[in-house]
Amino acid sequence: MAEPKQTYDPATIEPKWQQFWQEHRVFRAVNPGDPGFDPKQPKFYALDMFPYPSAAGLHVGHPEGYTATDIVSRWKRAKGCNVLHPMGWDAFGLPAEQYAIQTNTHPAETTAANVATFKRQLQRLGFSYDWEREISTADPKYFRWTQWIWKQLHQRGLAYESNAPVWWCEALGTVLANDEVINGKSERGDHPCERRPLRQWVLKITDYAERLLSELEPLDWSESLKTMQREWIGKSEGAEIEFEVMDQRPSLFPPERIRVFTTRPDTLFGASFLVLSPEHPLVESITTPGQRSAVRNYQKAAASKSELERTDLAKDKTGVWTGAYAHNPLFAANDPKGRIPVWIADYVIVTYGTGAIMAVPAGDERDFAFARKFSLPIPGIFAPQTGDGPRDARIAAGEECCSDDVPFGAQNQNGSLTIAGLGMAAGKRKVIDWLVAEGRGQAKVTYKLRDWLFSRQRYWGEPFPVLHTQDGVELVPDEQLPVTLPYMEDFKPGGVPESPLIRAVDWVATKDKKGRPAQREINTMPGAAGSSWYFLRFCDPHNEREFCSKAASDYWLPVDLYVGGTEHAVGHLLYSRFWTKVLHDQGLVRAKEPFHKLYNQGMIQAFAYEDARGAVVPKKDTKEQGDDVVHAATGEKLKPIVTKMSKRYGNVVNPDDVVAEYGADTLRLYEMYMGPLADSKPWNPKDVPGVHRFLQRAWRLVVPEFAEKGTVHEWLRQDRACDAEIEKQLHRTIHKVDGDIERMAFNTAIAAMMIFVNEATKAMERLSRGQLRRFAQVLQPFAPHLAEELWERLGGQGLLARAPWPAVDPKLLVDDEVEIAVQVLGKVRGRALVPNGCANDVAIAAARAAVAAHLEGKTVVKEIVVPGKLVNFVVR
RNA sequence: GCCGGAGUGGCGGAAUCGGCAGACGCACAGGUUUCAAAAACCUGCGCCCUCACGGGCGUGCGGGUUCAAGUCCCGCCUCCGGCACCA
């Protein structure tokens with residue numbers, strides 16, 4: 001009969017501890033004013049980007065970031081912090097609704113089911129979330145406050161209705177915001193989009209452009225992410241300049257003025273034509289009869305081109321002359337340089353700047369290409385000294401364009417203004433001053449950032465708290481919030497740019513304050529509405545009087561660590577910053593920025609196999625043959641590549657399968673061990689058992705193989721003195737893990753713990769209970785279930801999840817003796833054992849002895865000592 | 001085209017401030033154990049020359065600075081991400 005074994009079995013210990021933690025409310029965060037709140041404790045807010053609960057369930061990419069924040073949260077608790085580590089659901093929006101349409105089920109139903117799946121999956125992974133703070137953006141108790149915040153924006157004049165052209169996506173049946181459209185196609189689904197004028201709600205994020213830009217600087221975000229936001233905001237400083245249209249009408253009418261934006265007002269001397277975008281409102285009135293049909297044809301052609309075509313043909317310039325001339329204010333009207341033609345061309349974008357430019361072919365590549373193509377004058381304006389003689393000559397002659405900072409030539413003067421000899425900065429200032437004095441322009445700052453298109457023609461979103469009455473827009477009073485969605489059997493988009501809510505006739509028809517008939521707004525808010533403030537609700541999730549008490553947000557904000565993917569670089573992260581600033585301006589939140597430290601995790605990829613033609617062969621059609629992977633049918637040897645996980649390639653890893661086979665602790669540990677959190681790296685199923693073995697070894701340090709030998713090894717039943725060598729090793733491990741968590745280098749922290757376990761295994765019977773308890777403490781953030789089990793078996797006081805971080809004795813981190821490398825001419829030729837902290841001459845003497853053979857017959861001209869590391873002899 | 005980031009053994013990766021390249025894990029090879037296998041444990045494992053001792057080469061490529069370079073500088077190549085006619 002087999003003896004009862006007690007091998008490491010995650011399937012029994014993991015649910016046991018998960019249940020225990022939950023029953024004892026171990027991870028509850030304490031708000032100011034709550035019983036048990038300790039004002040002396042530092043706070044720490046660790047936040048994950050909450051998931052869309054998709055039907056596919058959890059992907060292995062989710063637990064990567066979630067494990068990282070969980071490690072930091074558990075570690076911060078051990079360090080004595082009051083930690084807020086919450087989780088919730090981004091449940092409104094397109095993905096949820098698209099799935100509901102596909103499965104022909106109501107989105108409320110599919111969302112509830114998907115949330116249940118996600119929650120079950122996350123809970124199996126042992127994350128230390130305070131589940132009592134769980135929120136869902138689709139919950140009326142939540143979106144009541146999304147609507148309330150929207151009213152605050154409206155009251156500040158930051159929400160307005162607009163009829164400007166917006167991105168319309170026919171396939172999705174809705175309009176989309178700028179960040180949801182990439183190269184003229186929808187981010188979700190890759191469907192073509194087009195510009196259409198439609199009445200929409202818009203949020204005036206542009207009012208905050210400057211603050212969104214300048215207040216980005218001090219944040220602890222990656223430089224690349226800050227750059228993405230900076231470029232999206234797209235600040236340009238320059239001038240707006242007015243050009244009068246010439247010979248247009250009888251002189252009793254004041255002439256039309258064309259306003260252009262330029263970042264280089266200093267090049268006004270070289271402006272030899274103007275270009276308006278084809279959609280510019282002045283085109284109609286300035287076009288001469290002779291050019292009318294050519295202009296109309298060009299406008300029509302430009303309008304029918306999709307955004308994609310327009311940008312695809314980026315470099316090939318097209319355009320048409322309007323027949324009109326404008327006056328370059330620097331020159332006399334009868335001077336040929338003062339009379340410049342006005343063209344239209346689609347390389348000028350109507351939505352940026354003023355939709356019109358002054359073309360300076362000598363100073364701008366696009367204008368240069370355009371001038372060349374249409375044989376327009378290219379007046380030289382520079383007197384360059386780039387050191388490249390032939391190039392200088394071409395630039396001076398206006399035969400090559402130049403955007404460098406080089407001095408201007410003698411052409412740059414008229415009666416009242418000269419910038420000859422000046423450079424870019426001084427020239428700009430001087431020209432702007434002149435324009436202001438002449439009433440022809442002024443300094444101007446322009447942003448690429450557009451206002452946030454905030455309405456969607458979809459069912460599954462927050463209704464706007466707005467009525468359309470005879471007198472215009474009326475806000476729904478606070479006490480009537482939330483405005484809930486009517487239940488609709490048929491919630492599909494209608495194929496016309498009208499929300500499906502238009503069919504909820506009884507819901508739409510209502511009464512205004514005065515009791516007169518009114519209609520509810522039929523558009524709904526975008527998916528990003530709920531996620532723009534969820535980090536605030538987590539601070540005070542059950543508050544029924546406020547969206548979040550000021551005391552709670554003042555205490556918890558800003559988020560100390562926010563982890564998620566880069567896909568939200570400009571959407572969610574910009575919107576959240578905007579809303580936080582608005583709430584700050586309303587005096588409702590003290591923080592000006594929501595997320596102090598932001599960390600972008602890399603993508604978890606997978607191996608796939610490519611045939612000779614470069615086509616990926618699905619996993620099921622491959623087989624292993626020795627060290628190679630070959631095509632199962634043809635036997636062709638395949639090339640391994642790293643790519644996204646994809647159903648088509650058959651290389652998607654389901655976290656549930658990994659948990660079933662190895663346990664949650666192994667999944668957590670493997671994802672952290674794969675490599676640096678910020679890097680993208682491939683999942684390798686062969687590596688998973690490696691970290692699992694490490695956990696088994698840790699288990700065996702404590703637990704005997706057979707149950708009859710007791711719950712712990714015999715020598716661990718009582719406390720006893722610590723072995724000095726192991727003690728040293730342990731202190732180093734604690735110190736290393738501590739520093740590595742701090743810098744989010746989880747892979748090397750795990751390597752350090754592996755080294756300890758390897759060493760400890762060799763000296764198994766010299767281990768003490770106390771040492772192993774402290775090892776369990778450092779393991780706890782990474783593999784919390786196993787660590788908690790070991791802690792219990794080792795007689796740890798109370799719960800490990802609440803135990804403080806073990807202390808490190810700095811004295812134990814240094815050795816009495818150190819081995820140093822001895823180099824001759826920079827090459828390692830030997831080693832020497834020297835007392836730690838010894839004088840340089842002691843080290844040199846020992847080093848000389850170690851490499852005596854290499855020094856023989858040579859003269860040492862220099863001795864370099866790096867204390868505790870190496871000695872290098874420079875010889876001749 | 002512009003702006004970021006990266007390139008290290010058969011593979012994932014380590015080297016935190018210019019100081020011993022390849023920690024740790026995987027794969028692989030040999031061994032112990034076993035009737036056998038699995039598991040576990042031990043040993044080896046960058047490349048080349050050598051029975052060995054030892055030596056040479058080596059962090060994408062070419063140059064430079066330095067006693068010393070994966071790390072700093074200059075010039076390229078490749079890959080990944082972002083932006084892209086934004087005046």
Side-chain angles (χ1 to χ4, degrees), chain A residues 7 182-183 222-228 230-232 234-236 238 260-264 267 275 277 310-311 313-317 345-349 351-360 363-367 369-370 403 446-448 566 569-570 600 602-603 605 607 627 640 642 670 673-676 678-691 693-694 696-697 700 705 736 739-740 742-743 745 747-755 758 761-762 819-831 861-875:
Chain A
T7 46
I182 294 163
N183 288 334
S222 71
E223 215 31 59
S224 70
L225 204 111
K226 283 188 187 178
T227 303
M228 278 191 231
R230 269 186 224 117
E231 286 177 354
W232 186 260
K235 180 180 181 175
S236 293
V260 307
F261 172 71
T262 177
T263 55
R264 294 293 303 274
T267 62
V275 187
S277 81
R310 250 173 99 154
T311 47
L313 306 166
K315 298 293 173 265
D316 191 23
K317 298 280 179 293
D346 64 5
Y347 82 91
V348 175
I349 295 159
T351 52
Y352 183 75
T354 61
I357 62 153
M358 65 177 203
V360 184
D364 184 283
E365 281 183 33
R366 296 153 299 180
D367 299 343
F370 194 84
S403 49
T446 298
Y447 300 90
K448 280 189 221 172
T566 43
V570 287
N600 287 122
M603 214 191 308
Q605 299 161 307
F607 288 109
D627 291 346
V642 171
Y670 173 64
Y673 189 63
M674 290 172 79
D679 290 3
S680 290
K681 56 242 159 200
W683 182 282
N684 188 350
K686 287 190 171 153
D687 285 337
V688 180
V691 289
R693 276 199 279 270
F694 158 67
Q696 285 175 318
R697 284 156 73 85
R700 287 199 302 264
E705 188 180 0
K736 172 74 175 154
D740 282 352
E742 178 84 57
R743 65 188 182 104
N747 53 334
T748 50
I750 294 165
M753 290 189 281
M754 286 175 167
I755 292 169
N758 291 345
T761 300
K762 287 180 199 159
E819 194 185 59
I820 60 170
V822 184
Q823 299 180 332
V824 177
L825 285 172
K827 285 198 193 317
V828 180
R829 296 297 180 184
R831 328 197 139 263
V861 290
K862 202 171 175 188
E863 294 154 334
I864 290 129
V865 180
V866 182
K869 292 244 167 93
L870 61 76
V871 173
N872 187 12
F873 294 110
V874 184
V875 297

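The chains referred to below are lettered A, B, ... by the order of the sequence lines, with proteins before strands, and numbering in each begins at 1. Everything numeric in this text was worked out from a predicted model, so none of it was measured.
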Separation of B:G18 atom P from A:K869 atom NZ, nearest Å, is 11 Å
inquiry  = Looking at A:K681 and A:D679, would you say the former's side chain and the latter's main chain have a donor-acceptor pair under 3.5 Å?
reply    = yes
Looking for any heavy atom pair under 4.0 Å, which part of the strands does A:E863 touch: base, sugar-phosphate only, or nothing? nothing
(Q) Quick check on B:G25: is either OP1 or OP2 less than 4.0 Å from any side-chain nitrogen or oxygen of A:N758? (A) yes
Once you apply a heavy-atom cut-off of 4.0 Å, does A:D364 come out as touching a base, just sugar-phosphate, or nothing?
nothing
A:N747 side chain near B:G12 phosphate (N/O to OP1/OP2, under 4.0 Å):
no
- Determine, for A:Y352 and A:K448, whether the Lys NZ or Arg CZ falls below 6.0 Å from the six-membered ring centre while staying within 45 degrees of the axis. no
**Polar side-chain atom of A:S277 near backbone of A:I349 as donor-acceptor pair, under 3.5 Å** = no
Worksheet item: Reckon A:K686 touches a base, only the sugar-phosphate, or nothing at all at heavy-atom distances under 4.0 Å?
Response: sugar-phosphate
Query raised in the report: According to a strict under-4.0 Å criterion, is A:R829 in side-chain N/O contact with OP1 or OP2 of B:G55?
Result: yes
Taking 4.0 Å as the cut-off, does a side-chain nitrogen or oxygen of A:R697 come that near to OP1 or OP2 on B:A40?
no
inquiry  = Is A:Y352 close enough to B:A87 that one of its side-chain N or O atoms is under 4.0 Å from OP1 or OP2 there?
reply    = yes
- Task: Please state whether the phosphate of B:G5, meaning OP1 or OP2, lies under 4.0 angstrom from any side-chain nitrogen or oxygen of A:S222.
- Result: no
Check your understanding: If you look at every strand shown and take non-hydrogen atoms under 4.0 Å, does A:D679 touch a base, only sugar-phosphate, or nothing?
Key -> nothing
Under 4.0 Å, heavy atoms only, any strand: does A:E365 hit a base, just the sugar-phosphate, or nothing? nothing
Exercise for the section: For A:I755, report the nucleic acid contact type (base, sugar-phosphate, nothing); a contact means any heavy atom under 4.0 Å. Expected result: sugar-phosphate
Tell me yes or no: between the side chains of A:Y670 and A:N684, is some donor less than 3.5 Å from an acceptor?
no
- request: Give A:P689 one of three labels, base, sugar-phosphate or nothing, depending on what nucleic acid heavy atoms sit under 4.0 Å from its own.
  value: nothing
A:K235 atom NZ is separated from B:C83 atom P, nearest whole Å, by 22 Å
Indicate whether the side chain of A:T748 and that of A:Y673 have a donor and an acceptor atom separated by less than 3.5 Å. no
Applying a 4.0 Å non-hydrogen cut-off, can you work out what A:R700 is touching in the nucleic acid: base, sugar-phosphate, or nothing?
sugar-phosphate
